[in-house]
Undergrad: 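Take a look at this one; I'll ask things after.
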Amino acid sequence: MPETVESVFASVVARNPGEPEFHQAVREVLESIGPALARHPEYARARIIERICEPERQIIFRVPWEDDSGRIQVNRGFRVEFNSALGPFKGGLRFHPSVYLGIVKFLGFEQIFKNALTGLPIGAGKGGADFDPKGRSDREVMRFCQSFMTELYRHIGAQTDVPAGDIGVGGREIGYLFGQYKRITNRYESGVLTGKGLAYGGAQTRTEATGYGAVFFAEEMLKQAGDSLDGKRVVVSGSGNVAIYAIEKVHQLGGTVIACSDSAGYLLDEKGIDLEVLREVKERRRGPLADYVREVPHAVTVADRTVWEVPCELAVPCATQNEIGGAEAAQLVAGGCRAVVEGANMPTTPEAVRILGRAGVRFAPGKAANAGGVAVSALEMQQNASREAWTFAESEQRLRETMRDIHARCWATAEEYGLPGDYVAGANINGFRRVAEAMLAHGLI
């Protein structure tokens, strides 16, 4: 990083101690936007970097709720409204025990550039709670969501901040959150949350969007290299929403996903993951991957090992941050991997990115490759505002076009700044430049 940018980063670390994920996300962006800063000295004069690294608003609140045994539980809720230069704050809610302010800030910071890359009028925010819905009854989840929204409702709105789902927040949780918002405000504002059920304002393909979008980006990246998904061996981490729909789209486009994972280890099915069995195990039963093997005896599960040891040509990490470190990147290279496309947020460490780059493995960062979810969320907002409902085919086509456009922006921006094929630089510079121009236009806010 240039010395001036290094000093900004040092200030970010000093002002936000004990938040390594946020520091990592900031550093990754600052290391790649030097060419844009050199071309646009007005960004430095207006202190755009300092302003973009500081959230507009950070909200932390108590979430008390009663479990099924009558005991009072207390969790902590968060909403970081990071940047509204391009539109209302937009980003998901994550319910997971690992959630703390640093995680929410890292996710919100990434969201700035991801949302900008879509070309849609949406700002960036993120939120969640250190609540674990796993193993909780529907009624416990409902009581938690109602308590969470009882505080959050005063900070959100269709023109202010529009949350969606993330890890631990799916259609069930969004339904409970929306019901409580409607009850408190006495208003049916369908545009206040996205990821809703189709019966009450949800968008077709929103459930599939992040997984589908990552694969559409992979398709474009391979096409740029004169290749395709046809016949490719693919490994996906995770077995939740993003992973399941990434697997579905890979299979539709001619590839074969042979492995996926959960917190206990990974599943290997050399004939290709049977998606219906996986859905039954994970979406309906909410069970472990070991249950898959009972239905598909030729498959095997491997406990306490990384899925990245399985040889593949395409890797799609869809689980969580920093799941691919240096050792895992070396395993991917040794296993013949040609491309890594991030379906999760920042799943690849800086060391791993360097190892992949030195080996000639194409790498697509999450802020570009997994932007399909927020893109369809923005389209859901558009449908809610106009009281329209698009078909699945129409929504999927718009998603595909959006991912194609994001790929084109990343590729063209990297070439424009003399960094051909560098998707990280292309994504960061393009997103940063769009937000910076809006901030300059708005004046000192």
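Only heavy atoms go into these numbers, but all of them, side chains included; no hydrogens, no water, no symmetry mates. Remember, it's a predicted structure, so these values are computed and weren't measured experimentally.
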Undergrad: Would you please classify the geometry between the Y212 ring and the F216 ring as parallel, tilted or perpendicular, with 30° and 60° separating the classes?
TA: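 F216 vs Y212 ring planes: perpendicular.
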Undergrad: Apply side chain to side chain contact (heavy atoms under 4.5 Å, CB included) to E208 and V376, showing your working.
TA: CA-CA 9 Å; E208 299 85 354; V376 174; over 6 Å; no
Undergrad: What distance do E323 atom CD and C318 atom SG have between them, rounded to the nearest 0.5 Å?
TA: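 Output value for this atom pair is 8.0 Å.
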Undergrad: Would you say CZ of R285 has more than 12 non-hydrogen atoms from neighbouring residues, nucleotides or ligands within 6.0 angstrom?
TA: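 Result for CZ/R285: enclosed.
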Undergrad: Quick check: are there more than 12 heavy atoms from other residues, nucleotides or ligands sitting under 6.0 Å from CG of D304?
TA: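 Check fails, neighbour count at 12 or below.
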Undergrad: Roughly how far, to the nearest 0.5 Å, is CZ of R433 from CG of N428?
TA: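 Separation between the atoms: 12.5 Å.
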Undergrad: Mind listing the closest non-hydrogen atom pair of A85 and E56 along with its distance?
TA: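 A85 and E56 have their closest heavy atoms at N-OE2, 4.3 Å.
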Undergrad: Do R39 and Y417 have side-chain heavy atoms sitting under 4.5 Å apart?
TA: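 They are in contact (side-chain heavy atoms under 4.5 Å apart), so the answer is yes.
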Undergrad: Any side-chain heavy atom of D67 sitting closer than 4.5 Å to one from R136?
TA: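 Yes. Closest side-chain heavy atoms under 4.5 Å.
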Undergrad: So which heavy atom on V281 is nearest to which on P288, and how close?
TA: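 Answer, listing the atom of V281 first, then P288: CG1-O, 3.2 Å.
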Undergrad: Side-chain contact, heavy-atom cut-off 4.5 Å: F95 with V141?
TA: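 No, every pair of side-chain atoms sits at 4.5 Å or beyond.
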Undergrad: How far does CZ of R94 sit from CG of L107, to the nearest 0.5 angstrom?
TA: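 CG of L107 is found 4.5 Å from CZ of R94.
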Undergrad: If you compare all heavy atoms of I174 against all heavy atoms of G195, which two are closest, and at what distance to 0.1 Å?
TA: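 Reported closest heavy-atom pair: CG2-O, 3.7 Å.
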Undergrad: Can you find a heavy atom in the side chain of I156 that is under 4.5 Å from one in the side chain of M149?
TA: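 The answer is yes; the side chains approach within 4.5 Å.
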Undergrad: Go through F109 and K126 one step at a time and tell me if the side chain to side chain contact (heavy atoms under 4.5 Å, CB included) criterion holds.
TA: CA-CA 9 Å; F109 185 77; K126 207 74 180 185; over 6 Å; no
Undergrad: Applying side chain to side chain contact (heavy atoms under 4.5 Å, CB included), run through Q382 and W390 and close with a yes or a no.
TA: CA-CA 11 Å; Q382 182 179 334; W390 302 338; 3.7 Å; yes
Undergrad: Answer yes or no: is there a donor N or O on one side and an acceptor on the other, between the side chain of Q180 and the main chain of Y176, under 3.5 Å?
TA: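 No, the answer is negative, given that no donor and acceptor are paired below the 3.5 Å cut-off.
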Undergrad: Do L229 and V215 make a side-chain contact, defined as non-hydrogen atoms from C-beta onward lying under 4.5 Å apart?
TA: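 With C-beta onward as the side chain, the pair touches.
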Undergrad: Would you mind reporting whether V316 and V257 have side-chain heavy atoms less than 4.5 Å apart?
TA: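 With C-beta onward as the side chain, the pair stays apart.
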Undergrad: Given R143 and D68, is the salt bridge (Lys or Arg N to Asp or Glu O under 4.0 Å) satisfied, shown in steps?
TA: CA-CA 10 Å; R143 286 191 290 269; D68 286 344; 2.4 Å; yes
Undergrad: What distance do Q397 atom CD and T402 atom OG1 have between them, rounded to the nearest 0.5 Å?
TA: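 With rounding to 0.5 Å, CD (Q397) is 9.5 Å from OG1 (T402).
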Undergrad: Tell me whether E328 contacts the main-chain N or O of T306 through its side chain, where contact means a donor paired with an acceptor under 3.5 Å.
TA: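 Side chain of E328 to backbone of T306, a donor-acceptor pair under 3.5 Å: no, none is there.
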Undergrad: Just by modelled atom types, is the Q383 backbone N or O under 3.5 Å from a matching donor or acceptor in the E388 side chain?
TA: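 A pair under 3.5 Å: no.
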Undergrad: Do D138 and R172 sit within salt-bridge range, that is, some charged N less than 4.0 Å from a carboxylate O?
TA: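 Salt bridge between D138 and R172, a charged N being under 4.0 Å from a carboxylate O: yes.
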Undergrad: Using a 3.5 Å distance criterion without hydrogens, assess whether the side chain of E309 forms a donor-acceptor pair with backbone atoms of R305.
TA: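 Here the side-chain-to-backbone pair does not exist.
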Undergrad: Is it the case that the side chain of N75 and the backbone of D130 share a donor-acceptor pair, with hydrogens and angles ignored and the cut-off at 3.5 Å?
TA: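 The answer is yes, because a donor-acceptor pair under 3.5 Å joins these two groups.
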Undergrad: Aromatic rings Y43 and H40: how do their planes relate, parallel, tilted or perpendicular, breaks at 30° and 60°?
TA: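 Ring orientation, 0 to 90° scale: parallel.
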Undergrad: Report yes or no: do R233 and T256 form a side-chain donor-acceptor pair below 3.5 Å?
TA: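 Absent: no donor and acceptor within the cut-off.
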Undergrad: Please say whether more than 12 non-hydrogen atoms of neighbouring residues, nucleotides or ligands are located less than 6.0 Å from CZ in R387.
TA: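 No, the 6.0 Å shell around CZ holds no more than 12 heavy atoms from other groups.
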Undergrad: Evaluate the side-chain proximity of V374 to I122: yes if any heavy-atom separation is below 4.5 Å, no if none is.
TA: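 Side chain of I122 against side chain of V374, heavy atoms only: contact under 4.5 Å found.
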Undergrad: Can E276 and R279 be counted as an ion pair, charged N to O under 4.0 angstrom?
TA: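 R279 and E276: salt-bridged.
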Undergrad: Apply the test salt bridge (Lys or Arg N to Asp or Glu O under 4.0 Å) to residues K249 and E219: give CA-CA distance (whole Å), side-chain angles for both, the deciding distance (0.1 Å), then the verdict.
TA: CA-CA 10 Å; K249 187 52 64 176; E219 180 185 39; over 6 Å; no
Undergrad: Examine R362 relative to Y423 and say whether NZ or CZ is less than 6.0 Å from the centre of the six-membered ring and inside a 45° cone about the ring axis.
TA: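 Ring-cation test returns no.
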Undergrad: Distance-only, no hydrogens or angles: does the E220 side chain make a donor-acceptor pair with backbone N or O of M403 under 3.5 Å?
TA: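 Side chain of E220 to backbone of M403, a donor-acceptor pair under 3.5 Å: no, none is there.
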Undergrad: So with a 6.0 Å cut-off around NZ of K134, is the heavy-atom count from everything else above 12?
TA: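 Counting other residues, nucleotides and ligands, NZ of K134 stays at 12 neighbours or fewer.
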Undergrad: Any donor-acceptor pair under 3.5 Å linking the side chain of H23 with the backbone of G102?
TA: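 No: the side chain of H23 does not pair with the backbone of G102.
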Undergrad: Would you call R27-E31 a salt bridge at under 4.0 Å N-O?
TA: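 Looking at E31 together with R27, the answer is yes, because their closest N to O distance falls below 4.0 Å.
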Undergrad: Nearest heavy-atom pair of C53 and V26: which atoms, and what distance?
TA: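 Residues C53 and V26, closest heavy atoms: SG-CG1, 3.9 Å.
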Undergrad: Can you name the nearest heavy-atom pair linking Q331 to W308, along with the distance?
TA: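 Result for this residue pair: CB-O, 3.6 Å.
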Undergrad: Quick one: CG on L267 to OG on S261, what's the gap to the nearest 0.5 Å?
TA: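 Spacing of CG (L267) from OG (S261) equals 9.5 Å.
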Undergrad: Verify, without hydrogens or angle tests, whether E173 (side chain) and C145 (backbone) share a donor-acceptor contact under 3.5 angstrom.
TA: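 A pair under 3.5 Å: no.
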Undergrad: Under 3.5 Å, side chain of K367 to main-chain N/O of E110, donor-acceptor pair present?
TA: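 No, K367 side chain to E110 backbone: no donor-acceptor pair under 3.5 Å.
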Undergrad: Decide yes or no on side chain to side chain contact (heavy atoms under 4.5 Å, CB included) for V80 and L101, but give the supporting numbers first.
TA: CA-CA 8 Å; V80 174; L101 186 59; 3.9 Å; yes
Undergrad: Which of these passes salt bridge (Lys or Arg N to Asp or Glu O under 4.0 Å) with R398: E401, E394, E396?
TA: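 Result for salt bridge (Lys or Arg N to Asp or Glu O under 4.0 Å) with R398: E394.
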Undergrad: I need the Y292 OH to K282 NZ distance, nearest 0.5 Å.
TA: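 So the gap between those two atoms works out to 13.0 Å.
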Undergrad: With the side chain counted from C-beta on, respond yes when I49 and L37 share a heavy-atom pair under 4.5 Å apart, and no when they do not.
TA: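 Yes; the side chains approach each other to less than 4.5 Å.
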Undergrad: With distance as the sole test, does N370 use its side chain to make a donor-acceptor pair with the main-chain N or O of T210 at under 3.5 Å?
TA: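 Not confirmed, N370 side chain does not pair with T210 backbone.
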Undergrad: Identify the two heavy atoms, one from I247 and one from C260, that lie closest to each other, and give their separation to 0.1 Å.
TA: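 Heavy atoms of I247 and C260 come nearest at CD1-CB, 4.3 Å.
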Undergrad: Please report whether the ring centroid of F148 lies less than 6.0 Å from that of F131.
TA: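 Centroid distance F131-F148: not below 6.0 Å, so no.
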